[in-house]
Asks: 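Sharing a structure here in structure tokens format.
Sequential numbering from 1 along the given sequence is applied to the chain's residues.
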Amino acid sequence: MKRFCNLIFFLLVLIMFFSCSKSANEKKQDTEYDIVNENNNISTSDSVFIITDGDFDILTEYYWSISDGRYLENRSVEIYDWVGPMTPRVTFRNLDMPERSDLYQVRLRYELFYFLYHLKEENDNLYPIGSIMGTDHFEIKFRDNYSHLTRNRNGYFFNAGDRIGEQISLENPLVGIWGRLPSLNEYRLIDDPADSLLYMEIDRDIPFFAIRHGTYLLKQIDEKTFETVSSFPDGLLRLEIKSEREILLRPLFTLDEEEELVGLLAMHRSLSKISEMDEDFYY
């Protein structure tokens, strides 16, 4: 009888041992799975995140910070890190522009992109899109057979100057390069902005990178992809939505000189909505 009791006790201990071992292994596997997912920034809800039916609230209601994203495709690369106010910030806005308008993309040197438009009935007024160049309109005047341009805003003159080179378009005399070194502004006409329902603004220079700060029109390619509308090759970018918290910003151009990086950037959404933030709060 005693031997039988010892055998029963031994079997119970053995069963408990294997049960605990199995539980520990399952817990270890779950932990490893969570770590892998965390390292890859993947979640079930994020992996199926898409933008449909023109609902851009997830973009327009938040600030997005920019970081060096090259490590996502090359773990050996040495990345740049921007901290606090040094970090470039992106805002998205719905595009609101009258239908009967001519839209111009302007590049200031190789540093800044912005957009101006005029109504077809008001060739002497230019209205900005976004706030990179301020929100008040410009009054413009041509002189000397469209060879000299002045821009007036609230009584102040901006970038008045002569045309550089020949007049390119008789129908749109604003097209061309204006000013004097080092402040040259080149105007190019956007042929078909109708597909653009959204624009984004990068609020400052991105150190070491060739992607310029300023304003970009966006057209939606599919449920997870946007591309910029640009008359300048170095204004062509692709936005790839990876999750509701992360967007990749990929340049679609190359440069002859390697002074600046033509590399992948990543954008990450702020935790709070813009409407919930104090004006002095950055992120």
Asks: Are Arg269 and Ile58 packed together at the side-chain level, in the sense that at least one heavy-atom pair is separated by less than 4.5 angstrom?
Replies: yes
Asks: Closer than 3.5 angstrom, by distance alone: can the side chain of Asp222 be matched with the main-chain N or O of Lys224 as a donor-acceptor pair?
Replies: yes
Asks: Could you check whether any side-chain heavy atom of Ile221 comes within less than 4.5 Å of a side-chain heavy atom of Arg238, counting everything from C-beta outward?
Replies: no
Asks: Indicate yes or no for a side-chain donor-acceptor contact from Asn172 to the backbone of Leu174 under 3.5 Å, with no hydrogens or angles considered.
Replies: no
Asks: Any side-chain heavy atom of Arg245 sitting closer than 4.5 Å to one from Leu271?
Replies: yes
Asks: Tell me whether Leu252 is reachable from Ile190 by hopping between hydrophobic residues (I, L, V, M, F, W, Y) whose side-chain heavy atoms are closer than 4.5 Å.
Replies: no
Asks: Any side-chain heavy-atom pair from Tyr146 and Leu170 closer than 4.5 angstrom?
Replies: no
Asks: Find out if a path of hydrophobic residues (ILVMFWY) with successive side-chain heavy-atom gaps under 4.5 Å connects Tyr127 to Leu95.
Replies: yes
Asks: Hydrogens and angles aside, do Asn125 and His118 bring a side-chain donor and acceptor to less than 3.5 Å of each other?
Replies: no
Asks: Please check if the number of heavy atoms outside Asp96 that lie under 6.0 Å from its CG is greater than 12.
Replies: no
Asks: Partners of Asn154 by side chain to side chain contact (heavy atoms under 4.5 Å, CB included), sequence neighbours excluded?
Replies: Asp136
Asks: Answer yes when Arg100 and Glu121 have at least one side-chain N-carboxylate O distance shorter than 4.0 Å, and no when they do not.
Replies: yes
Asks: Compare every heavy atom of Met97 with every heavy atom of Pro193, then report the nearest pair and how far apart it is.
Replies: CG-CE, 4.1 Å
Asks: For residues Asp144 and Ser147, report the shortest heavy-atom separation together with the two atoms involved.
Replies: O-OG, 2.5 Å
Asks: Between Lys141 and Asp124, does any side-chain N to carboxylate O distance fall below 4.0 Å?
Replies: no
Asks: For Asp57, check side chain to side chain donor-acceptor pair (under 3.5 Å) against everything at least two apart and list the hits.
Replies: none
Asks: Tell me whether Ile206 is reachable from Phe92 by hopping between hydrophobic residues (I, L, V, M, F, W, Y) whose side-chain heavy atoms are closer than 4.5 Å.
Replies: yes
Asks: For Gly263, is there any backbone N or O sitting under 3.5 Å from a side-chain donor or acceptor partner on Arg70?
Replies: no
Asks: Does the ring centre of Phe113 sit less than 6.0 Å away from the ring centre of Phe232?
Replies: yes
Asks: Do any N or O atoms from the side chain of Thr215 and from the backbone of Glu201 form a donor-acceptor pair under 3.5 angstrom?
Replies: no
Asks: How far apart are the C-alpha atoms of Asp234 and Tyr110, what are their side-chain angles, what is the distance that settles it, and do they pass the side-chain hydrogen bond (donor to acceptor under 3.5 Å, both in side chains) test?
Replies: CA-CA 9 Å; Asp234 55 338; Tyr110 286 93; over 6 Å; no
Asks: How far apart are the C-alpha atoms of Leu248 and Lys242, what are their side-chain angles, what is the distance that settles it, and do they pass the side-chain contact (heavy atoms from CB on, under 4.5 Å) test?
Replies: CA-CA 7 Å; Leu248 300 186; Lys242 309 306 292 184; 3.6 Å; yes
Asks: Check whether any side-chain N or O of Asp203 sits under 3.5 Å from a backbone N or O of Arg89 as a donor-acceptor pair, and report yes or no.
Replies: yes
Asks: Would you check if Arg212 and Leu112 make a side-chain contact, meaning some heavy-atom pair closer than 4.5 Å?
Replies: no
Asks: Apply side-chain hydrogen bond (donor to acceptor under 3.5 Å, both in side chains) to the pair Ser183 and Arg109, showing each step before the final yes or no.
Replies: CA-CA 7 Å; Ser183 297; Arg109 297 182 289 268; 3.2 Å; yes
Asks: If only atom types and distance count, is the side chain of Glu223 paired as donor or acceptor with the main-chain N or O of Ile50 below 3.5 Å?
Replies: no
Asks: Can you confirm whether Phe226 sits close enough to Met200 that some side-chain heavy atom of one is under 4.5 Å from a side-chain heavy atom of the other?
Replies: no
Asks: Is a side-chain N or O of Arg163 found less than 3.5 angstrom from the main chain of Pro173, in a donor-acceptor match?
Replies: yes
Asks: Can you find a pair of side-chain heavy atoms, one from Leu217 and one from Leu103, that are under 4.5 Å apart?
Replies: yes
Asks: For Tyr63, is there any backbone N or O sitting under 3.5 Å from a side-chain donor or acceptor partner on Ser270?
Replies: yes
Asks: Just to verify, what does Asp191 make a side chain to side chain contact (heavy atoms under 4.5 Å, CB included) with, not counting sequence neighbours?
Replies: Leu189
Asks: Consider only side-chain heavy atoms of I, L, V, M, F, W and Y, link residues closer than 4.5 Å, and tell whether Ile202 and Trp82 are in one cluster.
Replies: yes
Asks: Would Phe209 and Leu249 show up in the same hydrophobic cluster when neighbours are defined by side-chain heavy atoms closer than 4.5 Å?
Replies: yes
Asks: Is any side-chain heavy atom of Phe142 closer than 4.5 Å to a side-chain heavy atom of Asn123?
Replies: no
Asks: Given the ring of Phe138, does Arg153 sit roughly above its face, with NZ or CZ under 6.0 Å from the centre of the six-membered ring and within 45° of the axis?
Replies: yes
Asks: Assess whether side-chain contact (heavy atoms from CB on, under 4.5 Å) is satisfied between Arg151 and Leu116, documenting all intermediate values.
Replies: CA-CA 12 Å; Arg151 299 195 308 177; Leu116 299 168; 3.6 Å; yes
